[in-house]
**Q** 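After the structure tokens below, expect a handful of questions from me.
Just follow the structure's listing: the first ligand is 1, and inside any ligand the first atom is 1. None of these values were measured; they are calculated from a predicted model.
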Amino acid sequence: MDISRAYAQQLDKNDPLAEYRRRFYIAGDDDLIYMDGNSLGRLPLETLGRVNDVVQEQWGKALIRSWGRGWFDASVNVGDKIAGLVGASAGEVAVSDSTTVNLYKLAMSALALRPGRTGIVSDEFNFPSDHYVLQGINAQLGGRHTIQVLRSADGLTIPTEDVCAAIDENTALVTLSHVVFKSGYLYDAAAITAHAHRMGALVLWDLSHSAGSVPMALDAWEVDFAVGCTYKYLNGGPGAPAFLFVRKDLQSQALSPIWGWFGDAKPFAFDLEYAPAPDIRRFICGTSSILSLLALEAGVDLLAEVGMQRLRDKSIALTQYMIDLVEARLARYGFSVGTPRQPERRGSHVSIRHPDGYRINRALIDEMNVLPDFREPDNLRLGLAPIYTTFGEVWECVERLRVVMEEQRYLKYDAARATVT
Ligand SMILES: *Cc1c(COP(=O)(O)O)cnc(C)c1O
């Protein structure tokens, strides 16, 4: 492999998506190597104008009239745009609340649709918040359910066959992260969903790390339920509302456990008896966070303009380049790649593992102008957002890591963990 900087520059020159980096606010800091777009996506320039318009014109001038000029339908309208990115249809996605709250709503809906079954299948790679929600649900439902947490043999992957083997006639729900947050392993959602259905179980996918990075076909895969985050690859901004997906033909049967006025068929009739909306709106509970919802729309529009397949092609090229460089230049310092090698089995971040990972991460942030993140116990997570990450940044990241190791700069940092890593 060619490890020269010139080669990285060549890759950038040939990158068909190169122009899109200019659509983001880079703040004059071209030296910053941003490797955390999988935790907080960059700010699209379009969002600046959008937020200003929403605050000044829609809120400031139009005031309450704006509810009738787009605000009321914004959750479903932005949802329709996200549907286009995940292979779903209009009317199947709504934007509301956080991923955690949406997971609660949909997991409760799913379990209510399988009252005779008590099995829930998840894995050790799922996001802790997802586990906490499932544990809380089980406690609230009287502890009748059994949550099976699949373990991985290699710490990176769990084979499809192992997931399928865990699903039986007693399984009510299978819920996993499509791309897992540590290793970046990408599950075969189509095969697992099909098998779950053969066994009569429902599936709920957490798409937080795959929305905006991996093309999906939720409708073709016949996925029942999904949730996902919008401040990662969708570049919606910190705390932007999450999305939820419910397959069209389940919408009339599934009920949200939170009956709120925005999920009612006629919120402005102010009836005292709840009558669920006939469509996806029944999964919304209260007033939308309009400012962040409309800020998110600008990020979603930008991804739609590029198209998921082109984003995926570049994402694979970036992650492969990172893996190759790490192996060629950093293996001798004790790093190992903690992400699957087959491109079709990984998302858009690369984890590299090192026993001193935490201190190395501190050195990168404090003195190298590199922003990755750290995930216990030894993962340095490098998020590569195909819409704005360059091959040159990947090269620089590895080069600065080499300097930290060669000069042992990490040794002066304490291994005691900070609150936010
Ligand atoms: C980021 C992330 C979340 C975030 O949940 P919030 O409720 O929005 O804080 C949930 N699940 C996964 C898999 C994530 O990566």
**Q** Heavy-atom contacts under 4.0 Å between Asp206 and ligand 1: side chain, backbone, both, or neither?
**A** side chain
**Q** Can you tell me which portion of Leu103 lies within the under-4.0 Å heavy-atom range of ligand 1? Options are side chain, backbone, both, or neither.
**A** neither
**Q** Ion pair present between Glu376 and Lys182, side-chain N to carboxylate O less than 4.0 angstrom?
**A** no
**Q** Compute the ring centroids of His354 and Phe335, then answer whether they are less than 6.0 Å apart.
**A** yes
**Q** Strictly under 4.0 Å, does any heavy atom of Ser129 approach an atom of ligand 1?
**A** no
**Q** In the protein, what heavy atom is nearest to atom 2 (C) of ligand 1, and what distance, to one decimal place, separates them?
**A** Lys232 NZ, 2.4 Å
**Q** With a 4.0 Å cut-off on N to O distance, would you call Asp30 and Arg21 a salt bridge?
**A** yes
**Q** Between Tyr231 and ligand 1, does any nitrogen or oxygen pair lie at a separation below 3.5 Å?
**A** yes
**Q** Quick one: is the NZ or CZ of Arg42 closer than 6.0 Å to the six-membered ring centre of Tyr388, and within 45° of its axis?
**A** yes
**Q** How far is atom 10 (C) of ligand 1 from the closest protein heavy atom, and which atom is that?
**A** Phe127 CD2, 3.5 Å
**Q** Any Lys/Arg nitrogen of Asp301 or Arg23 sitting under 4.0 Å from an Asp/Glu carboxylate oxygen of the other?
**A** no
**Q** Can you list the ligand 1 atoms lying under 4.0 Å from a non-hydrogen atom of Ser177?
**A** 13 (C)
**Q** Suppose I only count heavy atoms of His209 and a 4.0 Å limit; which atoms of ligand 1 are within that range?
**A** 15 (O)
**Q** Note the single closest protein heavy atom to atom 7 (O) of ligand 1, along with its residue, its atom name and the distance in Å.
**A** Thr100 OG1, 2.5 Å
**Q** Starting from atom 5 (O) of ligand 1, find the nearest protein heavy-atom neighbour and note its residue, name and distance.
**A** Thr99 CB, 3.4 Å
**Q** Whether Asp15 and Lys314 form a salt bridge (side-chain N of Lys/Arg under 4.0 Å from carboxylate O of Asp/Glu) is what I want to check.
**A** yes
**Q** Could you label the plane-to-plane angle of the Phe262 and Phe72 rings as parallel, tilted or perpendicular, counting under 30° as parallel and over 60° as perpendicular?
**A** tilted
